[in-house]
There are 2 protein chains.
Amino acid sequence: MTQIKAPAAKEPSVSSAVSTINDVARLAGVSIKTVSRVMNDEPNVREETRTKVKEAAARLHYRPNLLARSLAGSRSFLIGLLYDNPSSSYVIDLQQGVIERCRQSGYHVLSEPQDSLAPDIGRAIASLLATIRLDGVILTPPLCDMAVVLDAVEAAGVPYVRVSPSLFPGRSALVEMDDTQAAYEMTQFLLGQGHRDIGFVRGHPEHGSSHRRYDGFIKAMHEAGAEPHSRRIAQGFNSFASGLEAAKALFMDAGNLPTAIFASNDEMAFGVMAYAQQTGVRVPDQVSVVGFDDTPGSMIIWPHLTTIRQPVTDLAYAAADMLLSRASADEDAPNFSDTRRELPFELVMRESAKAV
Amino acid sequence: MTQIKAPAAKEPSVSSAVSTINDVARLAGVSIKTVSRVMNDEPNVREETRTKVKEAAARLHYRPNLLARSLAGSRSFLIGLLYDNPSSSYVIDLQQGVIERCRQSGYHVLSEPQDSLAPDIGRAIASLLATIRLDGVILTPPLCDMAVVLDAVEAAGVPYVRVSPSLFPGRSALVEMDDTQAAYEMTQFLLGQGHRDIGFVRGHPEHGSSHRRYDGFIKAMHEAGAEPHSRRIAQGFNSFASGLEAAKALFMDAGNLPTAIFASNDEMAFGVMAYAQQTGVRVPDQVSVVGFDDTPGSMIIWPHLTTIRQPVTDLAYAAADMLLSRASADEDAPNFSDTRRELPFELVMRESAKAV
DNA sequence: CTGAAAGCGCTTACAG
DNA sequence: CTGAAAGCGCTTACAG
């Protein structure tokens, strides 16, 4: 690859473009310690001095060097987002929310995708945390349910928050939504629409949320005295293809279709809808279809998908807030690891489901 | 928000968990300068000494502190990804590719979403670059076409690469694909399938790629002597809703439908397909529909969408490689800003288009 | 081939 | 209310 000169800089000398705390101190006629005090909004500075320093800083376009602050101080102003998630919209929404909150506090976010299947993931994370002193880490599924990952983060002494963990309750601060209740309410919604014969597509058996969603479904069906026959339950793996396969099984007997299908996630619901369309089953006229997650796809298929909206952005806000308030609190503020926030989901009614 | 004690660390003292260059030097019985040489794979170290240092580093689980390296040296090992893009899959794919490449070189990536509509975006970026000394910046549309953004990056003296810019050719290193040619080939594909009466949904007029795609379409149609009537051209704005509206216009006369519709992006193609479905127009039997971008949605609708795959990951690789090779090269290697790489697109044939 | 010194730009701990 | 000194963990520039 060819490479040559950097784009012409506006300043004669690149290095002269950035001013340091020394420049500000000199211009304001104070010590660098005083400049530091002003920049960090510390008390015990005469108002007149404060003004003088602020003016000097403004004139020089001074911005404290984050790296230098990190090295000298006890904070790095860096939060790590560790993920290994196949859903781009989930990751991007979460990341966006975390960045938004961090920015307000002068923090930056390091996105660090991880391969949860890698045998040395524990060492990889330990190495990462040794290389960059992070002030906090956010862990998403499936990483947040892996003991080796939690061990590594804890060994490094970095505070962390888990998003929607399924395992090790109480081991750390966490944010989550109630999958079971959401599936329960979605099922109740279907029942309320007059559906009694409802098929269910289970999610990937290794995801904790799959089981919670199934439980919520069964609970509602049970309460309604409408326990599904086992042939109304299909096993999926969270993919479009597995949804298609599940639909094939659930629609086996064309003369005896369920009136609704509840897929454990949107992706599988799309598979069900595609299969229905291919075989001439009309949605929602013959069969209602609902999903779970409210991915972007639910608004681009027709009929638009009725689904459960995960509060991804709010989960991100909450996780970031926990970390940030811990970072600015006393080193040993008590009970951080007991912090737990449950955020509300939302049942989004669209066109893929209707009353029977 | 409550916050309390950090998760119990494995080590008695958190600070003792991380070893420094001094620890390694002491254990190996050498100076820190020698440790530095070994860690950076510099020459002029006796093999025996090198081994001794490596062993000491391994025993102490030593990882050089990135922040300290940054402050002392001329490199920060940090690359910034600046974006303001509504498509989560585009952003995540690009980010993933950039991170992957950076990781191999010991670099980390700071994702910095920007509001391209903010009036002070130039100052925001200048401030960011003053706060964190980045070794390089990657700019995506629409940021890469904003003079105020380029000015800020250049003023900071940070090397940068633009991804798919439409404006200011030659102002910087860039990676891109040929939108015009892609649209041209997609149109030729349709023509080759026997379509002559092809409708077109134009993209958002403020996106440079919209015009290039339109040009490619027109060129192919012209060459085939099949110039479209103006009522076969609809204006969209890259959204699902605008695709739906466009379809309404293009399908106005039910007795005289085009045999194919080429939408400038997938999102609008989905809108066209939804409208077709709502009005009983069968895709692809009555009308073929094709899109552009190969977003995840193209695989969850039925029929799956025939579209153009942007080489997003490869664009990311190429952009990162340019920056990384520049970072490890001489400060003034010539012509970096002339570097330009064009990557091949791919025509992905799926079920939404068929021969007439 | 190896090392002692200085310094990157800040904050900490202390003194006044 | 303010500042001089030391130090964070490295690399640079220089000396031998």
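Every chain is numbered from 1, with letters handed out A, B, ... down the list of sequences.
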- Using heavy atoms to find the nearest nucleotide of DNA chain C for A68(A) and N44(B) separately, return the residue whose nucleotide is more 5′. N44(B)
- Note on the structure: Note: for R133(B) and R37(A) on DNA chain C, the residue whose nearest nucleotide lies more 5' is R133(B)
Pairwise side-chain contact, [X] with [Y], heavy-atom cut-off 4.5 Å (strictly under):
X: V137(A); Y: L129(A); result: yes
X: S111(A); Y: Y83(A); result: yes
X: L150(A); Y: L139(A); result: yes

- Task: Mind listing the residues from residues 23-36 of chain A sitting with a heavy atom below 4.0 Å of DNA chain C? Number order is fine.
- Result: I32(A), K33(A), S36(A)
Going by salt bridge (Lys or Arg N to Asp or Glu O under 4.0 Å), name the residues that satisfy it together with [X], two or more places apart in sequence or in a different chain.
X: R46(A); result: E48(A)
X: R101(B); result: D321(B)
X: R26(B); result: D23(B)

- Message: Going 5' to 3' along DNA chain C, between which two nucleotides do contacts with chain A fall, using a heavy-atom cut-off of 4.0 Å?
- Response: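 Answer, 5' to 3': dG9(C) to dA13(C).
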- Remember a base hit wins even if backbone is also touched, and classify S70(B) as base, sugar-phosphate or nothing at under 4.0 Å, heavy atoms.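 It contacts nothing in the nucleic acid.
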- Item | Sugar-phosphate only, base, or nothing, as touched by N40(A) at under 4.0 Å among non-hydrogen atoms | sugar-phosphate
- Message: Wobble G-U and Watson-Crick pairs count when both distances are under 3.5 Å; given that, what is the 5' to 3' dot-bracket string of DNA chain C, with | for pairing to other strands?
- Response: |||.||||||||.|||
- When rounded to the nearest 0.5 angstrom, what is the spacing between CG in L78(B) and OH in Y107(B)? 9.5 Å
- Item | Main-chain N/O of A68(B) paired with N65(B) side-chain donor or acceptor, under 3.5 Å |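 Indeed, once roles are kept as given, a pair shorter than 3.5 Å links the two residues.
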- Task: Using a strict 4.0 Å threshold on nitrogen-to-oxygen distance, state whether R171(B) and D145(B) make a salt bridge.
- Result: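 Answer for the salt bridge query: no.
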- Message: Any carboxylate oxygen within less than 4.0 angstrom of a Lys/Arg side-chain nitrogen, looking at R162(B) and E176(B)?
- Response: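 Answer for the salt bridge query: no.
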